Visitor: 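Could you have a look at this structure, given as structure tokens, before my questions?
The structure presented is a predicted model; accordingly, all values stated were derived computationally and were not measured.
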Amino acid sequence: KVTKYANNDQSMSPMILEVAQNGDLIIRDMGYFVMQVFEYMTRASVNFITRVKPGVKIYHPKTGVEINLVKLFRNKNTIDQWVLVGSKSKLPLRLIAVKMPEDISNYL
């Protein structure tokens with residue numbers, strides 16, 4: 001759907017629920033989190049990829065301890081593990097991350 005520039009992407013996030021089906025892959029490249037939409041997609045077996053939005057809380061699935069991504073990346077170039085996302089919902093999601101060169105990450 002094409003909308004006016006004044007409509008921000010995050011407010012449009014729930015619109016995907018009108019068309020997403022079991023097994024689909026939704027790509028959210030800007031990292032706009034709407035946890036309720038992610039929860040619905042998870043229950044409906046709709047797959048999604050998104051950036052991690054700054055400030056989003058990530059927890060270890062067994063201990064419930066908050067994960068510091070900077071520390072998690074020490075001595076690693078990639079991460080692939082299950083985590084809990086969101087301070088309230090604690091939605092179980094798979095975290096897949098690749099360390100980027102500093103000049104690229106500073107650009108983003």
Visitor: Shortest non-hydrogen contact from Gly23 to Asn47?
Guide: O-ND2, 3.7 Å

Visitor: A quick test of your reading: do over 12 heavy atoms of other residues, nucleotides or ligands sit less than 6.0 Å from OH of Tyr59?
Guide: yes

Visitor: Give the table of side-chain donor-acceptor pairs shorter than 3.5 Å for residues 77-84, with sequence neighbours excluded, one pair per line with atom names and distance.
Guide:
residue: Asp80; atom: OD1; partner: Arg94; partner atom: NE; Å: 2.8
residue: Asp80; atom: OD1; partner: Arg94; partner atom: NH2; Å: 3.3
residue: Asp80; atom: OD2; partner: Arg94; partner atom: NH2; Å: 2.7

Visitor: Hey, could you give me the OG/CD distance between Ser87 and Glu66, rounded to the nearest 0.5 Å?
Guide: 9.0 Å

Visitor: Measure the spacing between CE of Met41 and CZ of Phe38 and express it to the nearest 0.5 Å.
Guide: 5.0 Å

Visitor: With sequence neighbours left out, what residues match Ser89 under side chain to side chain donor-acceptor pair (under 3.5 Å)?
Guide: Glu39

Visitor: Would you say Met35 and Val85 make side-chain contact, with heavy atoms under 4.5 Å?
Guide: yes

Visitor: Are Leu95 and Ile49 connected in a single hydrophobic cluster, I mean Ile/Leu/Val/Met/Phe/Trp/Tyr linked by side-chain heavy atoms less than 4.5 Å apart?
Guide: no

Visitor: Are Ile96 and Ile27 connected in the hydrophobic side-chain network, where two residues link if heavy atoms are under 4.5 Å apart?
Guide: no

Visitor: Do you reckon Ile58 sits in the same ILVMFWY cluster as Val65, going by side-chain contacts under 4.5 Å, direct or chained?
Guide: no

Visitor: Should the heavy atoms of other residues, nucleotides or ligands under 6.0 Å from NZ of Lys99 be counted, would the total exceed 12?
Guide: yes

Visitor: Tell me every residue that passes ring pair (Phe, Tyr, Trp, His ring centres under 6.0 Å) with Phe73, counting only those two or more places apart in sequence or in another chain.
Guide: none

Visitor: Can you list the steps and then say if Phe48 with Ile16 is a side-chain contact (heavy atoms from CB on, under 4.5 Å)?
Guide: CA-CA 11 Å; Phe48 58 92; Ile16 195 64; over 6 Å; no

Visitor: Cluster question for you: counting only ILVMFWY and a side-chain heavy-atom cut-off of under 4.5 Å, with indirect links fine, are Leu69 and Leu93 together?
Guide: yes

Visitor: Looking only at non-hydrogen atoms, find the nearest pair between Ile26 and Ala20 and report the distance.
Guide: CD1-CB, 4.3 Å

Visitor: Closest approach of Leu17 and Val37, non-hydrogen atoms and distance?
Guide: CD2-CG1, 4.0 Å

Visitor: In terms of heavy-atom contacts, does CD of Gln36 have more than 12 from other residues, nucleotides or ligands at under 6.0 Å?
Guide: no

